[in-house]
Undergrad: 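Questions regarding the structure given below will be posed in turn.
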Amino acid sequence: MMSLWNDMTGWQIFTYLYYGINIVTYVIFTIVTIIGGAFDLRHMIRELLKDSDEIQG
Amino acid sequence: MNTIPIDWIIAGIILTLIIVGGYASKFLVKNVADWTVAGRNLRKFLLISSGSAEGIGLLSIALSMEVGFSSGLSYFGIFLLVSICSMVLYGIAGFVINRFRKTEAVTVPEYTDRRFSKGVRILCGGVIAFAGILNLAIFPIMASNFLIHFLNAPQHMEVLGLQLPFVPLLMAGLMGLALFFAYTGGMVSVIFTNYIMAIIINGVIFIITWLAIKDVGFEAIHKTLTTNFGEGGFNPLLSDNFGPLFIIWAILGSILNFPSFAPTMQKIASTDNARTARQMTLLGTLFGPGRVLAITLWGVVALTVLGPVASGGIDAGLYTKVAGAKYLGQLIPPVIFGFALAGMVSAFISTVDSYILTWSTVLVNDVISPFLKKPLTAKKHIGLLRMCVALIAILIYLFGIFYDNKESLLEFIMLTGTMMYGAGISIIGGLYWKRASTAGAYGAVIFCGLIPVVSMVLRRISENGEALKAQYFGLGAIILASLVFVLLSVIIPDKNRRKESLV
C-alpha cells in the first residue's frame, strides 16, 4: 500500500485526500443538519398552526 | 430481479409512511403563501436537510455515477472551483441574495417585471419555465432506465394478458407518486416529505459508499483510474470529456445558475430573513460536494467491476448511463436493498415534485397572470397551479417516451440550465448596474434561451453531430448573451427607469 502512495503524483494524492475529507465532512454535516432540521420542522409546524389559529380567531 | 420479498415490504412501508405524512401535512396549508413558500417559516437546517433530498435526485445519482464511470475522479476539480466561486460570492458576500431579498420578490420574473418591464417578466417566465421543464423532462425516462437496471427487471411485463414495455409503466408510476406530493400540500408537503426522504436517502448513500469501497479496495480503484484515464482521471484539464472550455463554462454557469434557477430563488424567498438565506447557501456549498463525490466514486467502482465495454445486453449508447445502476443492483445485500429502493424512489419524488411545483408557479405567476385583467382568488390560483402541475407531468412523460439519447446526462443538464442564464444575466445587471435596460434584458434572455436548443438540434440533424461539443455552445451562449445585454442596454436605454425597484 505504501508503494502505491509513493508512486502517485501530487495531484493524485490531493484528489484522494479531497474526496476523503469531503465525504467524511458530508457524513458529519448531514447528521448535524438532520438533527437541526427536526427542530426547524417543529418551528415551521408551530408557526403554520399559529397562523391558522389567528385566521380562525 | 435483484430483490426478495422483504425488500419490497420495506420499500412499501417506507413509501406509505411518506405518502401518509405528505397527505397529513396538507391540513397546515391555509393560503397561497403557505402553498408556494410555506408561509415564509423555513429556517436554515430544515432548508438544508430538505434541500439535500431535492439535490439528490435519482437523475443526479445516475449523472454522478455516469461522470465517475466515464471520466474518473476528475470532475472534482471543476466542482472545487465552482464551490469556491459560489461560497465566496453567495455564501460570504451575499451577492444577489442581499439585494434580492430586499425587493420582496417571490420569483425571478416578478423582480424583472419591477426592474424592467412586464414583457421581460413574461419572456423570462416563459423561457425559464420552458428550460426548467425541458431540464426536468429527462428525469422520468433516465430514472426508469436506472431503476430497471438497478432491479435487473425485465424490459417487458405482462398486464392483463398483454406484454407491455416496462419503462413507460414505471415512468407512469413514478410520475404518479411525484404528482401526489406536488398536489397534496404544495411547499409545506414538499418540505416535510423531503426532510423525511433526506434521512433515508443520505443513510442509504452512507451505506452504499462504505459497501462499494469495501467491495473492490483502494488499490483496484487507483489501477482502474490510471489504466482507463491516465492523469485525465484526476485532472479535469487533461480529461477527454472536460478540458479548459468546459471548466470556464461550469464556473460562469455556477455564477449565473444561482440567480437564474427559480427553485433556489424561491427557497431564498421562503426563508425568514436574508442572513438565513446566506448561511444556507454557505453551508450547502461547504458541505454539499461530499455527497456528489461519494456517488461519483460509485461510478469508478462500477467501472472497476464491470469494465468499460458494454455488456449484459445493455445498448452501447445507454451503457455509461446505467452501468452504475447494474453494479449497485449486484452490490447491495437484501434488506438494505429495500431501503435503497425506497431511497431511490424517494430521490426521484423529492426532486421532481419540487421542480414541478416551481415551474407551475412560474407559469401561473409570470406567464399567465400578467395577461389577466383581475387578480385570481386564492382558490382559483391554487386550482390553476394544480392544473399546470398536471400539464407539466404529462409533457415530461411524453418527452420521455420519444427522447433520443444524444448527449451525456451532464451535458443535457448543463445545456438546459444554460437556457435560463439569460435571466441571471438580467437579474445581476438589474441589481448592480443602473444602466441595465429592458432591451438588454430581452437580448440576454433570447440568446441564452436559443443557442443551447440550436446545439441539441444540430447534434441530431448534423452528420458529425458528435463533434459539436456542448461546451462550445454553452459557453458561447453565456458570452454572447452578456455582450448583447451590455450593448443593447447602452444603445437602447429605458426611457422611464423604474427607480422604486432599484436597491
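Lettering of chains follows the sequences in order, A, B, ..., and the numbering in each one begins at 1.
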Undergrad: B:Tyr195 side chain to A:Ala38 main-chain N or O, any donor-acceptor pair under 3.5 Å?
TA: yes
Undergrad: Measure the spacing between CZ of B:Phe45 and CZ of A:Phe39 and express it to the nearest 0.5 Å.
TA: 10.5 Å
Undergrad: Going through the checks in order, is the side chain to side chain contact (heavy atoms under 4.5 Å, CB included) test met by B:Val292 and A:Tyr26?
TA: CA-CA 10 Å; B:Val292 173; A:Tyr26 152 63; over 6 Å; no
Undergrad: Hey, what do you get for OG1 (A:Thr25) to CZ (B:Arg291), rounding to the nearest 0.5 Å?
TA: 14.0 Å
Undergrad: Rounded to the nearest 0.5 Å, what separates atom OG in B:Ser49 from atom CD1 in A:Ile31?
TA: 13.0 Å
Undergrad: To the closest 0.5 Å, what do you measure between CG (A:Leu41) and CD1 (B:Ile196)?
TA: 7.0 Å
Undergrad: Would you give the length of the straight line joining atom OH of A:Tyr19 to atom CZ of B:Phe234, rounded to the nearest 0.5 angstrom?
TA: 9.5 Å
Undergrad: Do any of residues 198-206 of chain B have a heavy atom less than 4.5 Å from a heavy atom of chain A, and if so, which, in residue order?
TA: B:Ala198, B:Ile199, B:Asn202, B:Ile205, B:Phe206
Undergrad: When only heavy atoms count and the cut-off is under 4.5 Å, which of residues 225-233 of chain B reach chain A?
TA: B:Leu225, B:Thr226, B:Glu231
Undergrad: Please list all pairs passing the side-chain hydrogen bond (donor to acceptor under 3.5 Å, both in side chains) test where one or both residues lie in residues 205-214 of chain B, with sequence neighbours left out.
TA: B:Thr209-B:Trp298
Undergrad: So for A:Thr30, is it side chain, backbone, both, or neither that comes closer than 4.5 Å to the heavy atoms of chain B?
TA: side chain
Undergrad: Taking side-chain contact (heavy atoms from CB on, under 4.5 Å) as the definition, give me every residue that meets it alongside B:Ser254, ordered by chain and number, with sequence neighbours left out.
TA: B:Val82, B:Cys85, B:Ser86
Undergrad: Show the numbers, then the answer: is there a side chain to side chain contact (heavy atoms under 4.5 Å, CB included) between A:Tyr16 and B:Leu73?
TA: CA-CA 9 Å; A:Tyr16 288 127; B:Leu73 300 180; 3.8 Å; yes
Undergrad: Give the minimum heavy-atom separation between A:Asp40 and B:Leu46, together with the two atoms involved.
TA: OD2-N, 3.0 Å
Undergrad: To the nearest 0.5 Å, tell me how far A:Asn22 CG sits from B:Leu80 CG.
TA: 8.0 Å
Undergrad: Give a yes or no on this: more than 12 heavy atoms of other residues, nucleotides or ligands lie within 6.0 Å of atom CG of B:Asp240.
TA: no
